[in-house]
Amino acid sequence: MRRTGVRNRSDLSLEEVALWLNPMLNGWINYYGRFNKSALKPVMRQINFTLIKWCMRKYKRFRYSKARACQYLIKTFETRPYLFAHWKRGIQGSFV
């Protein structure tokens, strides 16, 4: 799997990041999920970690607090579970 390159794109909003990542995530889920669904969990967890790092670079209030960035993404997941493809399909991974 190739690198997503999201971490350095602090010029994008969260919705734009979702639009950029969702086709790639759908492809990974469709391909790898067909044969080995349990192998997707660590990959999706890494995507969530990348989103946390993206939040830390994008928003100054999260710059030095990984926990606050994680809480922000958890609240986003709870309010908008259909934003990212892996959240939609219930393969959320973990944020912690």
Side-chain angles (χ1 to χ4, degrees):
M1 290 181 245
R2 64 186 176 144
R3 297 184 68 158
T4 57
V6 171
R7 214 181 303 172
N8 296 327
R9 294 300 308 265
S10 62
D11 59 325
L12 301 176
S13 68
L14 189 61
E15 292 79 18
E16 291 171 333
V17 170
L19 286 173
W20 187 31
L21 280 181
N22 279 341
M24 190 181 337
L25 293 175
N26 278 327
W28 290 349
I29 290 169
N30 289 335
Y31 183 77
Y32 292 104
R34 185 167 302 209
F35 302 108
N36 194 0
K37 196 165 191 158
S38 63
L40 282 174
K41 201 165 206 170
V43 175
M44 297 308 144
R45 183 178 176 159
Q46 186 61 41
I47 295 293
N48 286 338
F49 284 150
T50 303
L51 288 173
I52 290 169
K53 289 288 191 180
W54 174 84
C55 282
M56 291 173 70
R57 286 179 188 254
K58 170 81 174 169
Y59 302 109
K60 285 185 179 180
R61 64 183 181 261
F62 302 139
R63 179 111 4 182
Y64 301 110
S65 179
K66 191 176 189 180
R68 289 180 65 200
C70 185
Q71 288 173 352
Y72 170 74
L73 279 178
I74 289 171
K75 284 182 185 177
T76 304
F77 170 71
E78 290 170 352
T79 57
R80 297 165 52 187
Y82 295 105
L83 188 60
F84 287 95
H86 63 296
W87 292 359
K88 262 188 246 185
R89 302 212 183 164
I91 314 171
Q92 102 187 37
S94 73
F95 290 99
V96 181

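Taking the side chain as every heavy atom from C-beta outward, Leu14 and Lys58 never approach each other to under 4.5 Å. A 4.5 Å side-chain heavy-atom check between His86 and Asn48 finds at least one atom pair inside the cut-off. No side-chain heavy atom of Val43 sits less than 4.5 Å from a side-chain heavy atom of Tyr32. Residues Phe77 and Leu51 fail the side-chain proximity criterion, which asks for heavy atoms closer than 4.5 Å. Arg89 has its side chain within reach of Asn26: a pair of non-hydrogen atoms, C-beta onward, lies under 4.5 Å apart.
Here the straight-line distance linking atom CG of Leu73 with atom CH2 of Trp87 works out to 5.5 Å at 0.5 Å rounding.
Under the 4.5 Å side-chain heavy-atom criterion for grouping Ile, Leu, Val, Met, Phe, Trp and Tyr, Trp20 is connected to Leu25 within one hydrophobic cluster. Residues Leu12 and Leu19 do not share a hydrophobic cluster, clusters being chains of Ile/Leu/Val/Met/Phe/Trp/Tyr side chains in contact below 4.5 Å.
Across Phe35 and Tyr31, no two heavy atoms sit closer than the pair CD1-O, 3.3 Å. Nearest approach of Asn22 to Ala85, heavy atoms of both residues: OD1-N, 2.7 Å. Taking both residues in full, the closest heavy atoms of Arg9 and Trp54 are given as O-NE1, 2.9 Å, listed atom of the first, atom of the second, then distance. Heavy atoms only, all atoms of each residue included: Ser38 and Pro42 are closest at O-CD, 3.7 Å.
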Test side-chain contact (heavy atoms from CB on, under 4.5 Å) on Glu16 and Asp11 and set out the steps. CA-CA 9 Å; Glu16 291 171 333; Asp11 59 325; over 6 Å; no
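Every residue was checked against the salt bridge (Lys or Arg N to Asp or Glu O under 4.0 Å) condition with Glu78, not counting sequence neighbours, and none meets it.
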Throw together a table of side-chain donor-acceptor distances under 3.5 angstrom for residues 59-72, partners on residues two or more places apart or in other chains.
unit_1, atom_1, unit_2, atom_2, d
Arg63, NH2, Arg57, O, 3.3
Ser65, OG, Arg68, N, 3.2
Arg68, NH1, Arg61, O, 3.3

